[in-house]
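Shown next, in structure tokens, is the structure this report addresses.
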Amino acid sequence: MNPKKLGFGLMRLPLADPNDTTKIDYEAMSEMVDRYMEAGFNYFDTAYPYHGGKNSEIAFGDCVAKRYPREAYTITDKLSLFVVSEADKLEDYFEGQLERCGVEYFDYYLLHAMNKNYLELADRIGAFDFALQKKAEGKIRHVGFSFHDTPEVLEEILTRHPEMEYVQLQLNYLDWDSNDVQSRACYETAVRHGKKVLVMEPVKGGLLANVPNEAEKLMKEKKPDLSVASWAVRFAASLPEVAMVLSGMSNLEQMEDNLSYMKEFSPLSEEEQNIVKQVIDIIASKESIPCTACRYCVDGCPMQIAIPDYFKLMNNISKFGDSQIAKAKASYNRFTETQKKGKASACIECRQCEEHCPQHLSITDYLKEVAAVLE
């Protein structure tokens with residue numbers, strides 16, 4: 001694995017149509033890829049569900065695989081058990097991924113978003129054995145899984161499947177000691193089993209790029225030239241057993257910012273760690289909905305409610321005050337009127353969203369709060 005720890009996550013790519021997440025701007029993406037590669041980085045991460053199914057994989061094939069020699073990059077793809085859940089469909093699913101990505105093998109292949117339920121499903125259909133078979137065939141170089149559950153479930157997976165080489169964890173300074181995500185305990189569990197850690201959501205879906213004013217002031221006083229987001233990425237990258245930190249970059253500006261401090265990476269100092277602890281306290285006192293905008297909740301919503309977008313509006317209000325309400329309402333109206341997204345009050349409480357939420361949020365209850373404030 002490249003010693004440079006910044007990975008290009010392909011789940012929030014630039015869009016040709018801002019109202020359609022399936023339409024990726026290939027020209028903008030190619031420009032970002034070129035800049036990333038020029039700086040000496042080479043790790044890409046995709047999955048079938050990103051950008052509405054297939055589109056992220058296809059974009060990787062067009063913007064990376066067709067434009068660079070195979071030895072110039074590494075690519076991670078995933079077996080999404082919420083997409084394919086039958087043993088006799090695994091082969092076609094996998095071969096389709098290779099074809100869309102334009103490669104003959106994956107450098108890393110992860111069972112996607114593993115939790116207690118998916119562990120039982122994976123074992124039942126032989127998903128772990130399937131990945132090992134593909135590794136034996138030379139179509140996968142390294143196997144692992146991404147994870148969204150408790151440290152106890154992670155312990156169970158690694159005990160049952162010591163053959164897994166990597167664990168991809170949601171890890172950021174806000175979730176490090178949180179009761180919900182328990183990043184620290186999950187990290188320590190993986191390390192105890194001798195696994196290297198890949199990091200997703202280091203900026204918590206962008207939340208840690210827009211911290212409350214008093215938190216930003218602390219950071220800027222110490223490092224005036226560094227972005228707020230850089231503190232979150234550097235926090236994750238500073239952990240010794242972290243092999244790669246993914247960033248879901250959406251534009252060249254974000255790319256340039258990440259490259260500015262990760263090209264010559266400097267771990268957080270003790271003083272900077274103390275500042276991060278103060279920032280955590282400030283944010284914890286203001287954050288109302290701990291949503292990472294992974295968007296797993298929206299695909300099956302029968303009312304087409306833009307759940308993470310509405311939650312982001314609510315969090316902006318909680319972090320930055322009532323002055324944001326008018327702006328939030330205007331944005332909410334654009335979603336519901338212009339983009340024809342379902343209103344929060346349209347929720348029928350089927351709770352499909354809650355079943356798919358890696359954060360285990362009480363989404364239906366939060367939607368009632370959205371309706372009360374923004375409708």
Side-chain angles (χ1 to χ4, degrees), residues 1-14 32-33 35-46 74 76 146 166-178 181 183-184 186-187 190 196-212 215-216 218-280 282-283 287 290-294:
M1 184 172 284
N2 191 320
K4 291 182 180 294
K5 287 188 175 184
L6 177 66
F8 193 166
L10 306 180
M11 71 178 296
R12 297 184 178 96
L13 293 168
M32 293 172 67
V33 167
R35 184 68 188 93
Y36 178 73
M37 301 283 274
E38 286 169 8
F41 298 86
N42 67 1
Y43 186 96
F44 297 88
D45 174 281
T46 188
T74 58
T76 297
S146 64
Y166 288 85
V167 181
Q168 184 163 298
L169 297 173
Q170 177 175 320
L171 194 158
N172 56 70
Y173 64 70
L174 200 59
D175 291 327
W176 187 240
D177 287 314
S178 74
V181 180
S183 291
R184 181 204 293 266
C186 289
Y187 170 81
K196 287 290 185 180
V197 173
L198 312 171
V199 172
M200 56 184 161
E201 303 290 358
V203 193
K204 201 169 171 63
L207 292 182
L208 301 185
N210 297 284
V211 298
E216 182 175 356
L218 287 174
M219 294 172 167
K220 289 297 186 181
E221 286 177 348
K222 176 61 180 176
K223 294 282 187 178
D225 296 331
L226 290 184
S227 67
V228 170
S230 72
W231 288 72
V233 176
R234 289 177 62 225
F235 173 88
S238 295
L239 294 164
E241 299 307 314
V242 165
M244 189 64 59
V245 180
L246 296 177
S247 179
M249 294 171 276
S250 302
N251 54 55
L252 193 59
E253 181 182 6
Q254 293 173 2
M255 172 71 72
E256 292 291 359
D257 179 53
N258 281 336
L259 296 178
S260 70
Y261 57 85
M262 289 300 288
K263 190 171 182 180
E264 301 295 335
F265 172 66
S266 175
L268 291 178
S269 66
E270 183 176 353
E271 183 181 359
E272 288 172 317
Q273 293 279 7
N274 288 330
I275 291 173
V276 167
K277 291 176 182 177
Q278 296 177 61
V279 170
I280 292 170
I282 293 169
I283 296 175
E287 195 70 56
C291 170
T292 69
C294 69

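Along the sequence shown, the residues carry numbers beginning at 1.
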Side-chain donor/acceptor of [X] to backbone N/O of [Y], under 3.5 Å:
X: Ser227; Y: Ala209; result: no
X: Lys263; Y: Ala39; result: no
X: Lys220; Y: Leu226; result: yes
X: Ser146; Y: Gln168; result: no
X: Lys196; Y: Ala243; result: no
X: Tyr187; Y: Trp176; result: no
X: Asn172; Y: Asp175; result: yes

Under a 3.5 Å cutoff, is there a donor and acceptor pairing between the side chains of Tyr43 and Thr76? yes
Could you pull out the closest heavy-atom pair between [X] and [Y], with the gap in Å?
X: Gln254; Y: Asn251; answer: N-OD1, 2.8 Å
X: Ser183; Y: Gln170; answer: OG-O, 2.8 Å
X: Ala236; Y: Val242; answer: O-CG2, 3.5 Å
X: Ile283; Y: Pro212; answer: CG1-CD, 3.6 Å
X: Lys204; Y: Pro290; answer: NZ-O, 4.1 Å

Taking the side chain as every heavy atom from C-beta outward, state whether [X] and [Y] have any atom pair closer than 4.5 Å.
X: Leu239; Y: Val197; answer: no
X: Tyr261; Y: Val233; answer: yes
X: Leu218; Y: Ile282; answer: yes
X: Asn210; Y: Val228; answer: no
X: Tyr173; Y: Ile280; answer: yes
X: Ser247; Y: Leu6; answer: yes
X: Lys4; Y: Phe265; answer: no
X: Met37; Y: Phe44; answer: yes

Salt bridge between Glu270 and Lys277, side-chain N to carboxylate O under 4.0 Å? no
Are Lys222 and Glu272 ion-paired here, with the side-chain N under 4.0 Å from a carboxylate O?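 Looking at Lys222 and Glu272, the cut-off is not met.
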Stepwise salt bridge (Lys or Arg N to Asp or Glu O under 4.0 Å) test for Glu201 and Arg12: CA-CA 12 Å; Glu201 303 290 358; Arg12 297 184 178 96; 3.4 Å; yes
To the nearest 0.5 Å, tell me how far Thr74 OG1 sits from Phe41 CZ.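 Going from the OG1 atom of Thr74 to the CZ atom of Phe41 covers 12.0 Å.
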About how many Å separate CE of Met255 and CE of Met32, when rounded to the nearest 0.5 Å? 4.0 Å
